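Presented below is the structure to which this report refers.
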Amino acid sequence: MHEPLLKIEGLCAEAGGVEILRGLDLEVKAGEVHSIMGPNGSGKSTLAKVLAGREGYEVTSGSVLFKGQDLLELEPDERAREGVFLAFQYPVEIPGVSNMQFLKESINAVRTHRGQEPLDTVGFLGELREKLAVVGMNEQLLQRSVNEDFSGGEKKRYEIVQMSLLEPSLCVLDETDSGLDIDALRVVSEGINRMRSPERAMVLVTHYQRLLNYVQPDIVHVMVGGRIAQSGGKELALQLEERGYADFTGVADPAQQTNRQEASA
Amino acid sequence: MKGATETPEHTASTLVELVERGGAAIEGEAPSWLRDARAMAIERAAAIGLPAKTDEEWRYTDPKPLLEGQFSLPRPGAYEGDDPCEHMEIDATARIVFVDGRLAPEHCRLSGLPSGVEVSLVGTGEEADVEERLAPIVAQGIGGARDGLEALGAGLISGGVFVRVDAGVTLEKPIVVVFRAEDGSPVLSAPHVTLIVGEGARASVIEDHQGAAGATGLTLGRSEVRVAKGAHAEHAMLQRESPGRHHVSTLRLIQDAESHFHSDRVLLGGAVTRNNIHATLQGESCEAVFNGLYTPEERQHHDSHIRVEHLAPGCNSRQYYRGILADRSRAVFTGRIYVKDVAQQTDAIQSNSNLLLSRSAHAVAKPQLEIYADDVRCTHGATSGQLDADAEFYLRARGVPKRVARLLLLQAFAGENIDRIENEALRTTVHALADHRLGAALQRNA
């Protein structure tokens, strides 16, 4: 009976004059974890960026409703304050802006929007310490610049810290597992799992199945050529891991040639 | 408009006319050495010529408004009104205040100087026997001037300060000199500041050039700094003149062996601003830092022209200049590193970066290396660009409003050089001024 938290219909978008999303439909309800998988160039990351409002991606048709309102009408910062969170595939280094400034501006912008009191420094540190501990980071990073000189793993863990601090209702994680070793992957997954709740939905954009060993999705989608080619349960991810994307793209790895004939629509 | 009714007693003229009339045209009751210096400056300007836009050194800054505007020299006598100045919360050894080129004795604090420290007023008719120490420096400045405008700045001297710190003496707190332009009529003031730091001594001077909103005219400033062997000197200039007033100032620095020097120059105000630095590292193993920030907006023009000469081995010099340009403003940075053949093991860095907030703003960077030694490390880098769109998006994707995100990025960019300012009170003041100014610029340049 619930209205979906996110409802995407017939979404087409292009970047630099090249059409990347070609009529994508997706519905995500609160409490669900969706995984979007697909080969390189299928448009997974473009979808994540379009949802967050990155400049340079032009929506040519279709609609995106978030909590019943037109998400595409909103500026990127308005979307974030409304509860959309994008965990970046490549978090940006910002020399000269301290993590302290950044996180305080961020959380208080979101809190003010929700009608909550802004946090003072003591309240802020209290909130933050707990979130940092989950991913094995500490508050020494506050004096450093945003993402500057962070290792690849630290950057991804820091995305999870920000996500848990802002308590969004829709988390879009863009290849959060890429570049992580197995220990970091476990830590990041633990952070994601702690965020699962009946009020919150997650969309995990990933190329590989391995994240899904730690974060169990409710629904798995295969994205090909800018639209969802197939949706299923978590067994679909295992099938993909085994057989690759050839069933959907019509181009197989030599090792997976036997599956070629079963290509689906 | 206060200035409209208070016509100065001196008749207005342009610098071109002043130079054409010659040195004899200078009148007034100044002491004879000062009258001589003024005459000498005018003669020198006539001999080498006032700058023209066709000069290579003035290619990007049209000197016309400086040369052809009608200006009048400050009226004689002291300033006796209320203190109109904006003061920093600064713990100073001494404070000297000039208003419209005239000393404001009521608002100066000169008492209780530590022993071994001399602070003398210049060009006010009240000076004691500063003449024999200052006259040779002024003559050297006039003689070494590279164009007529610099010569006038070196020698006209409407007022100023002579500071000398004896060998081995440490002056903990800075000497602050405020030059305030209040008058709406176009006053030409030529503030002159000298800082002589003896062997192993330590001292700092802060110049604060400021103006009421409606002030016009021209500042032709000169700062002479001499740093003896093993001494530490700091010189800072905050240029927050009114947008209707032109500002030309030259820092002339000569360093002896093993000395340290730090310059902070912050350009905020002024219509046409020319910031000259001419540094000579003549002794071995000196260190010099030239830190600068400029934030022109509307139709302001900020031109910095730096020449650092390495004449002896083993010296380090650093030029760090950054600019944020809004609206239709212009900025020029010309930095030259000159390394003489004997100056081996020179380590010189020059860096200039500009952020453009508007398509109509325009920045020119001209790094120049002139190197005659073979064992040196000299680097220069210049960049110009817009705010980093990826960084802005990242901040906004975390809920930070666009204007705040952009301000954070601007503060980070300017902050790198503001944080380099040596004096804490000045640093705090510049942070506040820059935040306010950049916040307003962002609203106009959305």
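Lettering of chains follows the sequences in order, A, B, ..., and the numbering in each one begins at 1. Since we're looking at a predicted model, the values are computed, not measured.
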Scan the chain A/chain B interface and emit each donor-acceptor pair under 3.5 angstrom with its distance.
{"unit_1": "A:Arg54", "atom_1": "NH2", "unit_2": "B:Asp390", "atom_2": "OD1", "d": "2.3"}
{"unit_1": "A:Glu75", "atom_1": "OE1", "unit_2": "B:Arg396", "atom_2": "NH2", "d": "2.7"}
{"unit_1": "A:Asp77", "atom_1": "OD1", "unit_2": "B:Arg396", "atom_2": "NE", "d": "2.8"}
{"unit_1": "A:Asp77", "atom_1": "OD1", "unit_2": "B:Arg396", "atom_2": "NH2", "d": "2.7"}
{"unit_1": "A:Arg81", "atom_1": "NH1", "unit_2": "B:Gly399", "atom_2": "O", "d": "3.0"}
{"unit_1": "A:Leu86", "atom_1": "O", "unit_2": "B:Arg398", "atom_2": "NH1", "d": "2.9"}
{"unit_1": "A:Leu86", "atom_1": "O", "unit_2": "B:Arg398", "atom_2": "NH2", "d": "2.9"}
{"unit_1": "A:Ser106", "atom_1": "OG", "unit_2": "B:Arg398", "atom_2": "O", "d": "2.7"}
{"unit_1": "A:Asn147", "atom_1": "ND2", "unit_2": "B:Tyr394", "atom_2": "OH", "d": "3.2"}
{"unit_1": "A:Glu159", "atom_1": "OE1", "unit_2": "B:Arg398", "atom_2": "NH2", "d": "2.6"}
{"unit_1": "A:Glu159", "atom_1": "OE2", "unit_2": "B:Tyr394", "atom_2": "OH", "d": "2.4"}
{"unit_1": "A:Gln162", "atom_1": "OE1", "unit_2": "B:Tyr394", "atom_2": "OH", "d": "3.4"}
{"unit_1": "A:Gln162", "atom_1": "OE1", "unit_2": "B:Arg398", "atom_2": "NE", "d": "2.5"}
{"unit_1": "A:Gln162", "atom_1": "NE2", "unit_2": "B:Tyr394", "atom_2": "OH", "d": "3.1"}

field: Selection from B:Val404, B:Val400, B:Leu409, B:Leu395 maximising heavy-atom pairs under 4.5 Å formed with chain A
entry: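 When all of B:Val404, B:Val400, B:Leu409, B:Leu395 are compared, B:Val400 has the most.
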[X] to [Y] - nearest heavy-atom pair and separation:
{"X": "A:Ala80", "Y": "B:Ala397", "result": "CB-O, 3.3 Å"}
{"X": "A:Pro95", "Y": "B:Ala412", "result": "O-CB, 3.6 Å"}
{"X": "B:Phe393", "Y": "A:Pro76", "result": "CE1-CB, 3.9 Å"}

message: Taking side chain as everything from C-beta outward and backbone as N, CA, C, O, which of these in A:Val110 sits under 4.5 Å from a heavy atom of chain B? Side chain, backbone, both or neither.
response: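 The side chain, not the backbone.
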